[in-house]
Number of protein chains: 2
Amino acid sequence: MVTLAEVAQHAGVSASTVSYVLSGKRSISVNTRQRVERSIRELGYHPNAGARALASSRSNIIALMVPLRTDMYVPVMMEIAIAVATTARAHGYDVLLLTGEEGPDAVRRVAGSGLADGMILMDVELDDERLPLLRETDRPAVLIGLPADTAGLTCVDLDFKATGALCVEHLAQRGHRDIAVIGEAPAVYERHTGFAERTLDGLRGRARELGLGLLHRPCEGGYDAMAVTLARILDERPGTTGFVVQNESAVEPLLALLRQQGRAVPEDVSVVAICPEQVAVQASVRLTSVAIPAQEMGRLAVEQLVAKLDGRGGDEVVLIAPELTLRASSGPAPAR
Amino acid sequence: MVTLAEVAQHAGVSASTVSYVLSGKRSISVNTRQRVERSIRELGYHPNAGARALASSRSNIIALMVPLRTDMYVPVMMEIAIAVATTARAHGYDVLLLTGEEGPDAVRRVAGSGLADGMILMDVELDDERLPLLRETDRPAVLIGLPADTAGLTCVDLDFKATGALCVEHLAQRGHRDIAVIGEAPAVYERHTGFAERTLDGLRGRARELGLGLLHRPCEGGYDAMAVTLARILDERPGTTGFVVQNESAVEPLLALLRQQGRAVPEDVSVVAICPEQVAVQASVRLTSVAIPAQEMGRLAVEQLVAKLDGRGGDEVVLIAPELTLRASSGPAPAR
DNA sequence: GAGGGCTGTCGAAGCGCTTCGACAATCTCT
DNA sequence: AGAGATTGTCGAAGCGCTTCGACAGCCCTC
């Protein structure tokens, strides 16, 4: 392993000079800089991460805590994770992947050991048990998702409340009066995942304001579950003509079942999805949808975190405005 | 931040003793051990990762390189990544998430800086450009996937060749004579991803042995692409009664299209999928399938790597035997 | 009961880097 | 021309840990 000292010797300067060339924290003559850079290249030098972390108490690593469960939105999670990793690299950081398995202890361990300089938490619950730990730690953190109490925290998320409202408005404008919401799996609501509840808030609030009927039903993914859920909905509210779906794995089953029952989309019923772009365009009917901007969420989270690590910027809640894209699955409500 | 020295003082022993309590590398009297452990707990001590890495030249981190692209098998990737992370933690390692973005340089950087003790590479191509670097590095590595030349490498993968053979056999046994293979996106073959080609090998080899017709067509996911592909296949080989699908995002479109054309599954045509269990059971027809054992692959990869890090075990190719699960999508070929 | 082997503990060296203060050399004013 | 500021470089200290050799005390054994 090549060390700083060897580079220094090779370039005929002192170790500290090499260090300053690397960090740019003191000015170095062009001549010296070039000599050093040349030595670095020729020797194939890579600074030792451990030594660097020890001396500077900065690891240049950020921890990303992903949920262990895979009961929802896996592609979204993956996309976020990848966006986090690439953005982090662009800022000179590496990413440590933590699963929820360890639970809150992971926060303690990572903060305590100086393994990471900061962390990004995904899949935040309204009253997340990791938050107290996060608050008492001095390590900066950014949440992807919104807990109930955001005091002292930096959060990044799609504005799910506005998303809900937007979906309702879209259907209302087209004359739909009875709307059904196919939600996430019941478990998602039971653990009070912020985004699901906030979407519901937005949906309900807007529906009330506009005087629409709104029926919300959680739904596991898959055909069987969707069949049961749909039957119940149509039984309870036969006049339903608008659907809002917030569950990737219910989208296709819903479309298939509607087709099977002879309900044409969008002639008889309209469907609006809250899902990644890709799902919307690959579905059997191209879906009018509000996209979940996974990449942007990941990127923003890292940028917020890096800002905090650099001592810039404080606690902030960054909500991304939803955008509804009109596709083939929604249209005017049928005449009654 | 609490340090080793503070723990030592609190417990009334020397720093080295605390270190030995932690590592277990020398025997310590029960009495002393307990005092030290108590101090550690009371002070909330966490060893500093950087210092540890520097002194021991072991970071207790393994790097996981995931592909940047998301043109295939995202849920599988995610599942593997999570399995890697959890298994690694069980062995005392953390996981560093690298994307393919950096390319081969990432290997150099991680190995050179001592950031990670070893690495796991996913999405291996037959002639992967990271392999030469890997071979010249002294850091142990494990591949998930199989390159063309496995000399000096440890690899873990599903036996895709056997998987292909198994699918053909299954259909042959049920009397199907003409089989079509819906493959991954063309790009996957273009970059010579090992698993796709090996599956094809297995399919073709077995089909030849059994005297069956086999038509392979790469296919982008989604309805439109699938529609085009299917039309071409049926045009070229109208007698096709068996389908093998190796592309998650083509599964549902295929089923929908067949239904739409009045071809019943499994009465008129049989479908066998190579996909994660979840996709197979959630599809609109429960699919006879060979599961991709993502969790096991992740777990095995970590275990192989840890073994190498411990100086146990050498280079090995671990192939997981495929298992075909019979579900509702395959049956006897219709009488001609 | 002297010699040899264990056990349990300690002190010190050092891992490879960052960073602070010092200082010589050079430049910029009046 | 001399004081003062600026620039570029160096040496040394120290980050918190692991690990090696040393050694005191103990238990056996012949």
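Per chain, numbering begins at 1; letters A, B, ... match sequence-line order. What you are looking at is a predicted structure, and each value in this text was computed from that prediction instead of being measured.
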Output the single nucleotide from [options] whose closest atom is nearest the side chain of [X].
| X | options | answer |
| --- | --- | --- |
| A:S27 | C:dG8, D:dC17, D:dG8 | D:dG8 |
| A:L54 | C:dG16, D:dT18, C:dC17 | C:dG16 |
| B:S19 | D:dG16, D:dT18, C:dT18 | D:dT18 |
| B:S14 | D:dG16, C:dG16, C:dG11 | C:dG11 |
| A:Y20 | D:dT9, C:dC20, D:dG16 | C:dC20 |

Below 4.0 Å: OP1/OP2 of [N] and any side-chain N or O of [X]:
| X | N | answer |
| --- | --- | --- |
| B:R52 | D:dT18 | yes |
| B:S56 | D:dT18 | no |
| A:S57 | C:dT18 | no |
| A:K25 | C:dT18 | no |
| B:S29 | C:dG8 | no |

Any side-chain heavy atom of [X] sitting closer than 4.5 Å to one from [Y]?
| X | Y | result |
| --- | --- | --- |
| B:V18 | B:V13 | yes |
| A:R41 | A:E37 | yes |
| B:D157 | B:L319 | yes |
| A:M119 | A:I62 | no |
| B:Q304 | B:E316 | yes |

Task: DNA chain C: 5'-proximal contact among B:R33 and A:T3 (nearest heavy atom) - done: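 Checking each residue's closest nucleotide, the 5'-ward one belongs to B:R33.
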Whole angstrom is fine here: how far is it from [atom1] in [X] over to [atom2] in [N]?
| X | N | atom1 | atom2 | answer |
| --- | --- | --- | --- | --- |
| A:Q9 | C:dG16 | CD | C1' | 15 Å |
| A:N48 | D:dC17 | CG | C1' | 13 Å |
| A:N31 | D:dT7 | CG | C1' | 14 Å |
| A:L43 | C:dG16 | CG | P | 15 Å |
| A:L4 | D:dA12 | CG | P | 17 Å |

Is there a donor N/O on one and an acceptor N/O on the other, under 3.5 Å, for the side chain of [X] and the base of [N]?
| X | N | answer |
| --- | --- | --- |
| A:R26 | C:dG21 | yes |
| A:Y45 | C:dC17 | no |
| B:S16 | C:dG11 | yes |

TODO: Have a look at B:I28 and say if it touches a base, only the backbone sugar-phosphate, or nothing, with a 4.0 Å heavy-atom cut-off.
DONE: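 Since only primed, P, OP1 and OP2 atoms lie under 4.0 Å of B:I28, the category is sugar-phosphate.
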Open item on the list: Which heavy atom of A:L153 sits nearest to which heavy atom of A:D149, and what is that distance?
Closed with: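 For A:L153 and A:D149, the tightest heavy-atom pair comes out as CD1-O, 3.7 Å.
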Task: First of A:V30 and B:P47 reached from the 5' end of DNA chain D, by closest nucleotide - done: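 Nearer the 5' end of the strand: A:V30.
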